[in-house]
Amino acid sequence: PCAMGLATPAAIMAGVNAAARRGILIRDGSALEKSGCITAVLFDKTGTLTEGKLTVAAQLELTPAPQPIGPLAAALARSSNHPLSRAVARLAGSAATRQFAHWREVRGSGIEASASGEIWRLGSLKWLTGEGVIVAPTTFVTEWTGRGATVLGLARNAELLGLFALQDQLKSDAAEVVASLARQGKSTFLVTGDTAPTAAAIAERAGIPSTHVFAEVRPEGKAGIVQQLQARGERVAFVGDGINDAPALEQADLGIAVARASDVAREAADILLLKSDLQAV
């Protein structure tokens with residue numbers, strides 16, 4: 001009993017300190033214990049597997065608008081902190097002068113506001129379609145989603161004015177980390193709110209099997225996917241960074257928040273990665 005009482009806390013302290021020197025902050029000893037039992041690792045996409053530094057790679061004007069679609073979309077997006085919105089907001093800089101009223105953010109979908117009695121929306125094509133916007137198939141969407149880009153639409157009432165392709169870079173070590181986990185016998189999954197073609201393109205580059213991709217998942221649905229895998233007997237680690245990931249980080253057997261994670265995600269996680277190096281997973 002004396003040896004156990006002395007040796008166990010000392011071993012845990014040594015392990016936690018060794019991890020801290022490698023940029024891994026472990027909240028308590030139980031997180032170490034749970035780490036040894038994991039069978040499946042779920043990754044969020046933006047900011048986790050990818051750099052999270054989105055840029056607008058291309059835009060397409062479909063219908064003549066009161067002014068160029070870039071400044072219009074930027075003015076609509078500038079009040080949001082979502083990575084996609086921040087990328088669009090950078091399009092016009094100080095040129096984004098259009099004023100909107102009754103601005104609101106629809107979680108996991110987009111932004112809605114009004115101006116001169118008209119409803120303006122910026123967000124996913126699926127959400128816009130559900131709001132009555134007429135979204136016709138275009139080669140622009142097919143081409144850019146095939147490259148792993150996220151496509152957003154700008155709409156005025158039921159009219160789609162333009163499309164924006166936002167691209168993010170896969171982290172340089174993402175494929176190596178996924179391969180390393182596979183060699184250890186752990187299943188890897190991608191869980192994202194992005195469209196299926198975009199998610200499939202990112203998963204292929206990262207080396208995650210196509211059958212292990214969950215796309216167009218709403219924020220509350222991520223925790224549900226963790227529960228599904230747990231019901232199958234998997235011991236699940238979830239790796240994420242955003243506010244939307246907090247329920248999944250909490251539900252997982254082991255929650256891992258990557259560098260620059262939101263405060264909510266950090267609070268929900270068992271382990272915090274202090275560096276952007278994904279190898280720490």
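Note that the structure is predicted; figures quoted are calculated from it, not measured. Both backbone and side-chain heavy atoms feed into the values below; hydrogens, waters and symmetry mates do not.
- Expressed to the nearest 0.5 Å, how far CZ of R156 lies from OG of S114 amounts to 14.0 Å.
- Linking Ile, Leu, Val, Met, Phe, Trp and Tyr residues whenever their side-chain heavy atoms come within less than 4.5 Å leaves W103 and L128 in two separate clusters.
- The aromatic rings of F100 and W120 sit perpendicular to each other, their planes meeting at more than 60°, with 30° as the lower class boundary.
- For E33, the CD atom counts as loosely surrounded, since its 6.0 Å shell holds 12 or fewer non-hydrogen atoms of other residues, nucleotides or ligands.
- Judged by distance alone, the side chain of R147 and the main-chain N or O of A201 form no donor-acceptor pair under 3.5 Å.
- Between A73 and L122, the shortest heavy-atom distance links the atoms O-CD2, 3.8 Å.
- Of the possible polar contacts, none joining the S180 side chain to the E176 backbone as a donor-acceptor pair under 3.5 Å is found.
- Within a 6.0 Å sphere centred on NZ of K126, other residues, nucleotides and ligands contribute 12 heavy atoms or fewer.
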Legend entry - Derivation and outcome, side-chain contact (heavy atoms from CB on, under 4.5 Å), residues L42 and F214: CA-CA 10 Å; L42 276 64; F214 296 92; 5.8 Å; no
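- Distance alone, capped at 3.5 Å, places no donor-acceptor pair between the S124 side chain and the D194 backbone.
- When hydrophobic clusters are built by joining Ile, Leu, Val, Met, Phe, Trp and Tyr residues whose side-chain heavy atoms come closer than 4.5 Å, directly or via intermediates, V191 is not grouped with V239.
- With hydrogens and angles ignored, the 3.5 Å screen pairs no side-chain donor or acceptor of D270 with any backbone N or O of A31.
- Just one residue in the list V41, L229, V213 forms a side-chain contact (heavy atoms from CB on, under 4.5 Å) with F189, and that residue is L229.
- Looking at I271 and S35, their side chains come closer than 4.5 Å, going by heavy atoms from C-beta outward.
- The pair R235-D253 meets the salt-bridge criterion, since a charged nitrogen lies less than 4.0 angstrom from a carboxylate oxygen.
- Taken together through direct or relayed side-chain contacts under 4.5 Å among Ile, Leu, Val, Met, Phe, Trp and Tyr, L72 and V56 form part of one hydrophobic cluster.
- T46 places no side-chain N or O within 3.5 Å of a backbone atom of G52 that could act as its donor or acceptor partner.
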Legend entry - Verdict with supporting geometry, L125 and L163, side-chain contact (heavy atoms from CB on, under 4.5 Å): CA-CA 9 Å; L125 300 185; L163 298 168; 3.7 Å; yes
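- L49 CG to D173 CG: the interatomic distance, rounded to the nearest 0.5 Å, is 9.5 Å.
- Closest non-hydrogen pair, A40 versus E234, comes out as CB-OE1, 3.8 Å.
- Using modelled atom types, one side-chain atom of K171 and one backbone atom of T48 make a donor-acceptor pair closer than 3.5 Å.
- Closest of all the heavy-atom pairs between A89 and A74 is O-CB, 3.8 Å.
- Residues L273 and V281 form a side-chain contact, since some pair of their non-hydrogen atoms from C-beta on lies under 4.5 Å apart.
- Side chains of I111 and R121 form no contact here, defined as non-hydrogen atoms less than 4.5 Å apart.
- When all heavy atoms of A206 and V178 are compared, the pair lying nearest together is O-CB, 3.4 Å.
- T55 and R90 form no side-chain donor-acceptor contact under 3.5 Å, judged by distance and modelled atom types alone.
- Cluster annotation: F43 and I225 are assigned to distinct hydrophobic clusters (Ile/Leu/Val/Met/Phe/Trp/Tyr, side-chain heavy-atom contacts under 4.5 Å, transitive).
- Using a cut-off of 4.0 Å between Lys/Arg side-chain N and Asp/Glu carboxylate O, K222 and D44 are scored as salt-bridged.
- You'll find the side chain of F140 stays beyond 4.5 Å of the side chain of L62, heavy atoms only.
- In this structure, the side chain of T145 does not engage the main chain of T198 through any donor-acceptor pair within 3.5 Å.
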Inset, instruction - Give the C-alpha distance, both sets of side-chain angles, the deciding distance and a yes or no for side-chain contact (heavy atoms from CB on, under 4.5 Å) between V133 and E159. - result: CA-CA 6 Å; V133 177; E159 186 179 33; over 6 Å; no
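- For R22, the CZ atom sits in a loose shell: 12 or fewer heavy atoms of surrounding residues, nucleotides or ligands are nearer than 6.0 Å.
- For the pair N81 and R86, the minimum side-chain heavy-atom distance is below 4.5 Å.
- One finds the CD atom of E51 at 13.5 Å from the CD atom of Q167 (value rounded to the nearest 0.5 Å).
- The number of heavy-atom neighbours closer than 6.0 Å to CD of Q169, taken from other residues, nucleotides and ligands shown, is 12 or below.
- Atom CD1 in I38 sits 13.0 Å away from atom CZ in F238 (nearest 0.5 Å).
- The line from NE2 of H102 to CD1 of I119 is 8.5 Å long, rounded to the nearest 0.5 Å.
- Residues A269 and R27 come closest through the heavy atom pair O-NE, 2.6 Å.
- Interatomic distance, Q230 CD to Q251 CD, rounded to the nearest 0.5 Å: 4.5 Å.
- For E143, the CD atom sits in a packed shell: over 12 heavy atoms of surrounding residues, nucleotides or ligands are nearer than 6.0 Å.
- Taking hydrophobic clusters as Ile, Leu, Val, Met, Phe, Trp and Tyr residues chained together by side-chain heavy-atom distances below 4.5 Å, V135 does not share a cluster with L154.
- Across all their heavy atoms, Q59 and I69 have their closest contact at OE1-CG1, 3.4 Å.
- Side-chain N or O atoms of T50 include one that pairs as donor or acceptor with a backbone N or O of K45 at under 3.5 Å.
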